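Okay, structure first, notes after.
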Amino acid sequence: MTRYLLSRLGQSIVVFLIVSVVVFFAVRTVPQDPIYALVGEDAEGYTPAQIETIREEFGLNRPLPVQYMSWVGDALKGDWGLSFQNKLPVIDLIKKRIPFTLTLAVGAMAISIVFGISTGVIAALTRNSKWDMMATGSAMFAVAVPEFWLALMMILFFGVTLGILPVYGAVLIWDDPIEGFRLLIMPAFALGIGGAATLMRQSRSSMLETMGEDYIRTARSKGVKEKTVIIVHALRNSLLPVVTILGLRIGRVLGGAVVIETMFSWPGLGQLAVSSLQKADYPVIMAIVMFSSAAVIIANFVTDIAYSYIDPRIRYA
Amino acid sequence: MTTQTNTENDAAASADSASTILEVKNLSTQFRTRAGLVKAVDDVSFSVKEREVLAIVGESGCGKSVTALSVMGLIPTPPGEIVGGEIMFGGKDLLQASDDEMQEIRGGQMGMIFQEPMTSLNPVMTIGKQVAEPLRIHLGLSKAAARVRAGELLSLVGLPDPLEKLDDYPHQMSGGQRQRVMIAMAMSCEPKLLIADEATTALDVTVQAQVLELLIRVAEEFGTALIIITHNLGIVARYAHRVNVMYAGKIRESGTAADVYKNPGHPYTAGLLSSVPSLMQSTSGKLQSIEGEIPDLTDLPSGCAFGPRCPYVQDRCRLEDPPLENVGDDHISACWESAQFRGTT
Amino acid sequence: MLILSIRKYSSQLVLLLAGVLLIAAISCGGSDGDDDSAAAATSTSAPAATAKPEATAKPEATLKPGTNPISATATAAPVATKADVAEPELLKRGGVLKYGADPNNNHVFFQQYTPGAGAFWAMTVGDPLMAYGADSEWLKEKSMAVSFDVSSDAQTLTFKLREGVKMHDGTDYNAAVQKFSLDWVLDPDNTAVTRPQIATIDKVTVIDEFTIELHISRVYTPILSALGMMGGMPFSPTAWEEQGADGFKQNGAPSNGPFRVKEWIQGTRTTFEAHPDYWNEGKPYLDGWIWEEIGDSQVRGAALTTGAIDLAQIPPSDTDTVAALRAGDAHPFVNFAGVRISHHNAARAPFDDKRVRIAAQMALDRQAWNDVLLGGEGHTYMGSVLPPTSGFAFEVDEYPYEYNPEKARELLEEYAAEKGLTLPLTTMSAFTCSAAQAEAGCVDLVEQPISIVTTSSAENVKRAEFEAAYFNAVGFEVTMDLGSGNEAPRTFVSKDASFSLRGFGVRPHPSGSFDSYMGVGGYWNNGGWSTAPKQLELQAILEAAAATYDYSEQVQLYKDAQELYMLEALGGVKSANNPTFWFSNSNVKWEGWPNDKAVMFPSDSSMKVYNMWLDN
Ligand SMILES: Nc1ncnc2c1ncn2[C@@H]1O[C@H](COP(=O)(O)OP(=O)(O)O)[C@@H](O)[C@H]1O
Ligand SMILES: [Mg+2]
């Protein structure tokens, strides 16, 4: 296990480095100049010389490799720099956003899991029935529909037409559980529904496969009740491939949060990423990307561990 | 349906009704597949007496497993469906029994062991839990008591370190060990009837014999009747009291093991016997000495289904399907030419 | 089972996008007429009820930036404002207004806040030294200066300051406070974003507790309007000592305006509360206001419809929402207009030839631009100064270079025949710098394609492609040079480009815009974007305009500049202006509400909030 952990750690460091290099250079191809983002598009009243001074102040006049090395050096020391936009420590900005994005991600994952697995299992157990067709059709629809469109439809329908849910905003659930939950419903749903569809299809096919397994027949031959057969014998086995998908979903959820957070005015990392990208606020973007990468790496790691926990064949291998 | 039963079986049943624990009458099971309707079991009747060992033999695809699963009430529906017949067990027609009643019978009074030891056990559940499951369901044992009993059962089936094995997972065991576990599990509630569907086919030849011996021993100990499904007639000769020979969904010959072995009443049985390997010989391959393939069950030839492969085939065989008729004492066979064929043997 | 219901509704949901807003609007449309008349009644009666200081202090009406410097002595009667707020009952107005707009507030320290439309919030927290309204008139209701004097050399300005003004942190406003803030902004080490606005100031002197003197490095009359922007807003030195810039960024700098920052949650909202000790008693009417950051304009429209917010900012490019809100009972007004200009490089062939420049002017259908790109919400105009800068706007009855593609082509053909070229014109000719130009940093260039340089933002690309199509139709072959971002203007300076598309916000005084695109700082060897030789002439006019405090002279000079600019077809193709909308719900009331077509500056947007209240 220790060896496994060490090799995973090694891999993660390599992934981190690659991500940081790619993003560091990619973000500089964004057609926005951070200095102009700061002084205004017309840079009214600024001379080119003044603009150069600000550029130097941000260290952006140095060659890119030098900029990168100094960024890496600082980051390793835990110094993520100052935001170009407000010269406040990046780490503080990020810290304030993380609870929001985590809440949203957890909400979205919960919706993916609850809706995805339950409908998938029901569809599998009622294969080719009306329920199965509806669930499968909905999943196809949910996968095909763009998140922002779904978000907008929900806002218009539940927020405006029915007027039962607030159309924008966010409150942390531990600050105000009821309002926090009401505000979470739509964004979590919009963000989680794609995952629900994926999980639904995965758990449906997995459940179908499992229900045809010999050990299910064995369980039945022992006189085990059908409900117990499904819950105790089939579900856990059929969830094995689903767990892998869950780990992969984390990355998708964080990516989708960019759109959903913007749509629902959700002050998380995704929204910060969008506004930072618009302003070419490199230090903030870098920190968000590195945090997200870490989240994805950790999520996959946790998935691996969870997987080995629920599948003894891996644990004892 | 029930009125038109086989006279021999009726006679046997009435003569010795106290000791008959399973009586299958005119069972027909079909599968709806894309290729068409598969008549996997067609009008099959037989019975099993207390402590009896019945063998069902036949090539692959003859309907042996479907027969067993029909008895167990485990035919996957859809695509399968039992379209007719009666399965009398413990004075009840299982085909009329409710789901709850069937669940009580399965694992409690009637157990089954399957062919594939590698996939028949739940990979994510400990052996102990799996063995304890029927004990808890049918005997109402507590968790702890069931675990103790499971350990005893594992030692009964000859597993080394049975108590440690309780917490092992199936993948940590060999095929033979798993099949022992299956036996422990199926026998845990001391059922009246155990069906072993090719229980040893997938095992090493040396292990096969051990497991079979074990099965017989435990069955004797618990007073359990056995249905051994196999295509190995060597096993039949050694352990079975009676034999049912199946071909293309139907019983073609039925009699005491000794009779059928010594004096087969059907050319198909004779074909099987001529290809009998010794018990120690590998039986991994199919019985291949009979020329040709078993027919497509969705499109059976007219007349006798074995006709196209039969060396004694006559015109009549191609037109009419022969009924089961007495060919000896407690020995029936379905062959128009049986007299002639037996004469030549 | 929500999946299922969505699926079930999928066909209806498609229609919802276009329909829901409309339906919602129609369903509450019954009270529409009443509300409007009520609002109209308020807005017409209000000016009478709460007479503006200008109205009562009539003598000051002439005290505009253009007042003769030598004789300029302005005195506002402080008592007038007191009398003003003495109006009973009517002023018992309140509420907390929720305004929905793009997430912009990266921090809340106004001296570091990026200028632009969003910066109006800053103008609600501070009253600057000087203040100007939409009509370019001195807005004394918001000014800290009650009078000012200009020295005979026009480089020393002496301001009498308002007394009895309390800062948000309870400290007193006085000359020392104003000096501290101005000095802070002017100190290059503080890299205040607002510094360039007032950088001509080289010395700030406190004369007495309520008198301050500014010295400017050159005669530069636009300094007065510049002091009306954020750079002229004071903040508390005491608070600075305690909090520093980082504290100000997060808590807001205590200033002297009608509102103060109560809470800033980045990415979520900024909450402002009324300043309890605001010097202009009775104002503001609102108990506070909240900038809700809502990133998507359709969502803002939805939020407005549900009443979750009271006021929404909607860009005209979101034509669906604009149309839906216009159809409903939301009150629209055009906010913070801007102008899009495409320069052409008049320093080089072919644009050194007036005929080619005119052809470029005639190539573009401005009405189509307005209809296609702005959903017909903008308006076309030809002057260089936007109409709302009323004192300076140059209105032409008949633009000589109206859309006329046939004529444009004729001119190009004529030019081509003369030069032995064939249409389309694909390249710019080589450019050789004169000795003087070379000394100023000019670089010789070789032949290159005629291109439109612009940022790769979807909106700009759409505009550039739109223009290119029109140019190409008359005989140019224009290529796109996208993605240079804000480097675009600089690329243009180094003469890599023939066209560059730029946006300009409107300023209370024309000098700002002129400076950046055609004026003193705008000439290419000054680091600006202008290139035409004729612009030397233009430059001279503008310099003269910046050096006089004589208002009528200023107006005349700017008129001359604009005329020259237009007739020479110099700067490029002017297009329709580019408005932003505010839509308010019917519960939002105001006094002195600008009319539907009025164009606002940041200070005016702040004035609107200043004059608003909620009818609950
Ligand atoms: N679940 C099923 N679906 C369709 N056909 C089946 C199914 N199970 C069995 N059959 C068919 O029934 C016939 C008998 O099968 P089976 O009883 O398993 O044969 P065996 O005698 O080898 O045990 C075969 O033709 C097989 O294809
Ligand atoms: Mg079988």
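All of these numbers come straight from a predicted model, not from anything done at the bench. Just so we're on the same page: letters track the sequence lines, and every chain starts at 1.
With a 6.0 Å radius and a threshold of 12 heavy atoms from other residues, nucleotides or ligands, A/Phe181 has its CZ atom at or below the threshold. Around atom CD1 of A/Ile178, no more than 12 heavy atoms belonging to other residues, nucleotides or ligands sit under 6.0 Å away. When the shell of 6.0 Å around CZ of A/Phe291 is examined, it contains more than 12 heavy atoms from other residues, nucleotides or ligands.
A/Glu56 is linked by a salt bridge (charged side-chain N to carboxylate O under 4.0 Å, His left out) to nothing, counting only residues two or more places apart in sequence or in another chain.
Taking 4.5 Å as the limit, some side-chain heavy atom of A/Leu272 sits within range of a side-chain heavy atom of C/Gln266.
Residue A/Glu261: no heavy atom, backbone or side chain, is found under 4.5 Å from chain C. Contacts between A/Gln271 and chain C at a heavy-atom distance below 4.5 Å involve the side chain alone, from C-beta outward. With a threshold of 4.5 angstrom between heavy atoms, A/Lys279 approaches chain C through side-chain atoms but not through N, CA, C or O. If you measure heavy-atom distances from C/Ile265 to chain A, you find no contacts under 4.5 Å at all. In this structure, chain A has heavy atoms under 4.5 Å from both the backbone and the side chain of C/Ala308.
No other option in A/Thr262, A/Val145, A/Leu88 has as many heavy-atom pairs under 4.5 Å with chain C as A/Leu88. Interface summary for chain A: among C/Arg300, C/Arg269, C/Gln250, the most heavy-atom pairs under 4.5 angstrom belong to C/Gln250. Most heavy-atom pairs under 4.5 Å with chain A, from the set C/Glu293, C/Glu292, C/Gln112: that is C/Glu292.
Atoms CD1 and CZ, on C/Ile294 and A/Phe264 in that order, are 12.0 Å from each other to the nearest 0.5 Å. Within the model, atoms CG of C/Asp102 and CD of A/Gln278 stand 7.5 Å from one another, a figure rounded to the nearest 0.5 Å. Residue A/Tyr168 holds its OH atom at 8.0 Å from OG1 of C/Thr306, rounded to the nearest 0.5 Å.
Contact between C/Gly295 and A/Ser265 at its shortest, heavy atoms only, is N-OG, 3.8 Å.
When atom types are taken as modelled, the side chain of A/Asn86 and the backbone of C/Asn106 share a donor-acceptor pair closer than 3.5 angstrom.
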